[in-house]
Amino acid sequence: TPLGVAVIGTGTMGADHVRRVDQVVSGARVAAVADPDEGRAKGLAAAIDGCAAHADPTAALDAPGVEAVLIASPGPAHEETLLAALDRGLPVLCEKPMTPDTAGALRVLDAEQRHGVRRIQVGYMRRYDTEYAQLKDVLTAGELGRTLLLHCRHRNVSVHSYFTEPMLINDSVAHEFDAARWLLDQEIAAVTVLRPTPSRLAAPGIGDPQLVVFETDAGVLVDVEIFATAGFGYQVQAEAVCERGTARIGDAHGLLTNTAGRWGGGIAQDYLARFADAYDREVQAWVDATRRGEVTGPSAWDGYAVAAACEAGVEAQRTGQRVAVDMINRPAFYS
Ligand code: INS
């Protein structure tokens with residue numbers, strides 16, 4: 001029988017996950033949805049057989065047939081639902097950021113360790129993107145030698161009205177923090193943020209773009225251009241510079257045409273389009289692992305490590321200083 005999933009939060013991401021679990025992923029069904037906007041939850045549930053709708057997340061966890069939880073509510077609401085899921089022994093896929101700060105992330109690590117077995121996967125879906133996986137394979141194979149530098153570009157079309165400057169780090173560069181840790185198998189040691197004169201098209205109060213430079217514990221330098229109001233499209237690129245060559249992803253995603261003296265192609269307009277395959281693979285892998293009784297993918301430890309890098313990043317952004325990342329030692333539970 002298909003795995004009964006409760007989807008908590010039905011905004012842009014949550015609604016897309018409801019569609020994915022319902023129509024794309026095999027071996028799972030949406031057993032419940034929750035959203036503070038109960039009308040919205042009911043609207044989604046109405047189209048799905050045997051799907052309950054609730055305003056309260058814990059009511060959705062307790063709905064009949066729920067065996068696993070996909071959390072897609074806003075970051076500050078994650079901790080409460082994560083702890084409630086652990087209390088019930090339910091496996092979880094939690095969207096990024098796991099928690100908005102390290103204090104919350106540490107409480108989640110404690111709770112999962114007290115629970116005794118890993119239950120939490122965190123939604124850093126770039127690890128499931130074909131191009132990222134290719135880059136990881138190339139770097140791991142070692143033919144290019146050691147990685148020295150990683151150049152990243154992270155461009156969004158525009159920001160929501162509730163976007164704030166720290167969100168450039170917490171919401172956006174969080175992906176590069178996780179991707180760099182994963183690609184290099186290293187932790188982030190220190191973060192510096194540099195700013196040009198902001199774009200005149202940037203949202204009020206947000207110095208956009210910014211250059212976020214971080215150092216890993218093995219001395220790799222990573223630079224990230226974060227440009228949240230780039231306007232023209234959604235673009236994520238990365239180039240590793242190694243001792244014996246370079247490896248680069250994200251240049252062209254999809255069809256390239258030549259016509260009438262010009263060449264070119266389309267550019268995705270948002271992350272749901274650019275990373276559609278990655279999200280599909282991520283959720284399928286989570287469902288498959290859950291049905292085998294396993295937990296794979298980015299862990300709560302990864303969620304914590306990114307939160308620690310984000311904390312340093314936001315302070316670096318505020319002060320203009322180089323800020324060291326303050327982290328606890330990795331518990332054996334997560335090794
Ligand atoms: C979104 C999402 C996107 C990222 C955006 C962020 O929440 O995580 O992948 O590019 O910057 O605001």
Side-chain angles (χ1 to χ4, degrees), residues 7-17 20 70-78 93-101 121-133 151-183 191 193 198-199 201-203 205-212 214 222-238 249-250 253 267-283 297-298 302-303 306-307 309-310 313-314 317:
V7 178
I8 309 301
T10 58
T12 309
M13 196 70 248
D16 197 51
H17 281 317
R20 181 170 289 106
L70 203 170
I71 303 177
S73 48
H78 290 179
L93 174 57
C94 179
E95 267 303 336
K96 45 70 54 177
M98 183 176 81
T99 59
D101 56 16
Q121 173 174 341
V122 180
Y124 285 110
M125 81 300 169
R126 287 192 191 176
R127 299 186 184 202
Y128 295 89
D129 175 62
T130 308
E131 291 183 61
Y132 266 94
H151 302 300
C152 307
R153 301 193 182 94
H154 185 161
R155 296 170 182 152
N156 295 171
V157 173
S158 59
V159 294
H160 288 294
S161 54
Y162 52 79
F163 208 84
T164 61
E165 192 165 280
M167 286 174 80
L168 290 175
I169 307 283
N170 290 330
D171 258 56
S172 305
V173 178
H175 283 291
E176 274 78 18
F177 285 144
D178 180 70
R181 297 177 57 255
W182 174 69
L183 287 169
V191 188
V193 177
S199 163
L201 304 177
I206 300 180
D208 192 40
Q210 296 183 4
L211 197 59
V212 180
F214 53 93
V222 183
D223 62 278
V224 184
E225 172 204 310
I226 174 64
F227 193 4
T229 48
F232 64 84
Y234 185 89
Q235 206 170 49
V236 167
Q237 302 174 330
I249 58 168
H253 199 76
I267 305 175
Q269 292 297 296
D270 64 19
Y271 50 94
L272 295 185
R274 164 62 183 88
F275 287 113
D277 294 348
Y279 285 116
D280 288 352
R281 266 191 291 276
E282 173 197 52
V283 177
D302 296 309
V306 173
C310 286
V314 170
Q317 190 184 49

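Position 1 is the first residue of the sequence; numbering continues from there. Worth saying up front: this structure is predicted, and the values here are computed from it rather than measured. Order of appearance sets the numbers: ligands from 1, and atoms from 1 within every ligand.
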Residue Lys96 vicinity, atoms of ligand 1 by number, heavy atom under 4.0 Å: 1 (C), 2 (C), 7 (O), 8 (O)
Using 30° and 60° as the class boundaries, would you call the ring planes of Tyr162 and His160 parallel, tilted or perpendicular? parallel
Test of understanding: with side chain to side chain contact (heavy atoms under 4.5 Å, CB included), list the residues that count as partners of Ala276, not counting sequence neighbours. none
So for Arg274, does at least one of its heavy atoms come nearer than 4.0 angstrom to any atom of ligand 1? no
Could you identify the single nearest non-hydrogen protein atom to atom 4 (C) of ligand 1 and state the distance to 0.1 Å? His154 NE2, 3.4 Å
With under 30° as parallel and over 60° as perpendicular, where do the rings of Tyr234 and Phe275 fit, or are they tilted in between? perpendicular
Listed pairs under 3.5 Å, donor-acceptor, residues 169-182 side chains, sequence neighbours left out:
from: Glu176; atom 1: OE1; to: His154; atom 2: ND1; distance (Å): 2.9
from: Glu176; atom 1: OE2; to: Arg126; atom 2: NH1; distance (Å): 2.9
from: Glu176; atom 1: OE2; to: Arg126; atom 2: NH2; distance (Å): 3.3
from: Glu176; atom 1: OE2; to: His154; atom 2: ND1; distance (Å): 3.3
from: Asp178; atom 1: OD1; to: Arg127; atom 2: NH2; distance (Å): 2.7
from: Asp178; atom 1: OD2; to: Arg127; atom 2: NE; distance (Å): 2.9
from: Arg181; atom 1: NE; to: Glu187; atom 2: OE1; distance (Å): 2.7
from: Arg181; atom 1: NH1; to: Asp302; atom 2: OD1; distance (Å): 3.0
from: Arg181; atom 1: NH2; to: Glu187; atom 2: OE2; distance (Å): 3.0
from: Arg181; atom 1: NH2; to: Asp302; atom 2: OD1; distance (Å): 3.1

Is the side chain of Gln235 donor-acceptor paired with the backbone N or O of Val157 at a distance under 3.5 Å, no angle test? no
Tell me which part of Met167 gets within contact of ligand 1: side chain, backbone, both or neither, using heavy atoms under 4.0 Å. neither
Would you kindly specify which portion of Asp171 sits under 4.0 Å from ligand 1, judged on non-hydrogen atoms: side chain, backbone, both or neither? both
Would you kindly specify which portion of Tyr234 sits under 4.0 Å from ligand 1, judged on non-hydrogen atoms: side chain, backbone, both or neither? side chain
Specify the closest pair of heavy atoms between Pro209 and Ser199, including all atoms of both residues, with the distance to one decimal. CD-N, 4.2 Å
Top protein contact for atom 5 (C) of ligand 1, by heavy-atom distance: Asn156 OD1, 3.2 Å
